[in-house]
Amino acid sequence: MMNGQGRVHPGTAAPAEERRCSWLNIWVFLIFALAIKAAFLTICLVVLLWHSSEQPRALQQQFSEWKCDSAVPQGTDRGWMCCPEGWRRFQRSCYFLSLDQMNWAESEQSCTGMGSQLVVINSKAEQEFLSKQIKQYPQRENFYIGLFEVKEGQWQWVDKTLYNVTAAFWRKGEPNNGLDENCTVIHNLEKTLNNWIDIPSHNKHHRICEAAAVIV
Ligand code: CA
C-alpha cells in the first residue's frame, strides 16, 4: 500500500514541478515589470517637476514686486499663490494684459522674455475669465493668444498643447483662412464667448501672456 502511495510516477511529478516553475517565472516577470514601471514613473515625475519649476523660476527672476493671495492648491500644503504685481491670477496661472501692441512674433518674444508665454487657453473657465478681464479695457480691440497655424488648417498652441476643435472659441465664420491669417486674437468687441479671430501675424495687437503662478 505504502509502495503504491509513495511511488513516484515520472509522468505525474514533472508537471507539478513545471507548474511551480511557471508560477515562479510569472512572479519574477511581474516584479521585474513593476520595477521597470516604478523606475519609469520616477523618471517622468522628476522630469515633470524639473520642467514645471523652470517657468516660475524664470518669472521670479524678472519681477521684484509680487501680489499673493491665500489659496491652497490641491496636492500642496502651502497656502499662497503669487503673481507679479499688475498681473492677474486665475487658478494656477498668472496673466499679463499688454498696453502696447506688437506683431505676433514680437508678442511671443516679449512674453518669453518675461518668463511666460502667449496664453494657452485650456478650458472654458479660462476663456470666460480672460474674456471678462479684457472687457475692462474696451479700447484695446484685439489681444494675441498663443494659437497659430503651422500649415493650412492645422492649428497649434505655443506650448504644444493639443489643439481641440471642440474646445475652441472661434467667432462665427472663423477661422476664415484669409490671406496669411495664421495667428489668433481674442476680439474684445465680440459680445459672446466665441471671440477668436484668425489674423495675419504682421498686424500689431495687444497680447496676453501666461505663466504658472508661484506657490509659496
Ligand atoms: Ca492656460
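Remember, it's 1-based here, ligands and their atoms both numbered in the order they're listed.
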Given 3.5 Å as the limit, does a donor-acceptor pair link the side chain of Glu106 with the main chain of Asn103, or not?
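It does hold such a pair.
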Measure the acute angle between the ring planes of Phe129 and Tyr95, then classify it against the limits of 30° and 60° as parallel, tilted or perpendicular.
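Geometry flag for Tyr95 against Phe129: tilted rings.
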Plane angle bin for Trp104 and Tyr144 - parallel if under 30°, tilted between 30 and 60°, otherwise perpendicular
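Judged by the thresholds at 30° and 60°, the geometry between Tyr144 and Trp104 is perpendicular.
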Within a reach of under 6.0 Å around NZ of Lys124, are more than 12 heavy atoms found that belong to other residues, nucleotides or ligands?
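No, the 6.0 Å shell around NZ holds no more than 12 heavy atoms from other groups.
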Backbone or side-chain N/O/S of Ser123 under 3.0 Å of the Ca ion (ligand 1):
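No N, O or S atom of Ser123 is closer than 3.0 Å to the Ca ion (ligand 1), so no.
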Please work out the angle at the Ca ion (ligand 1) defined by atom O of Val120 on one side and atom OE2 of Glu126 on the other, rounded to 10°.
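With the Ca ion (ligand 1) as the vertex, O (Val120) and OE2 (Glu126) sit 90° apart.
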Nearest 10° is fine: what angle sits at the Ca ion (ligand 1) between OD1 from Asn122 and OE2 from Glu210?
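Value returned, to the nearest 10°, is 140°.
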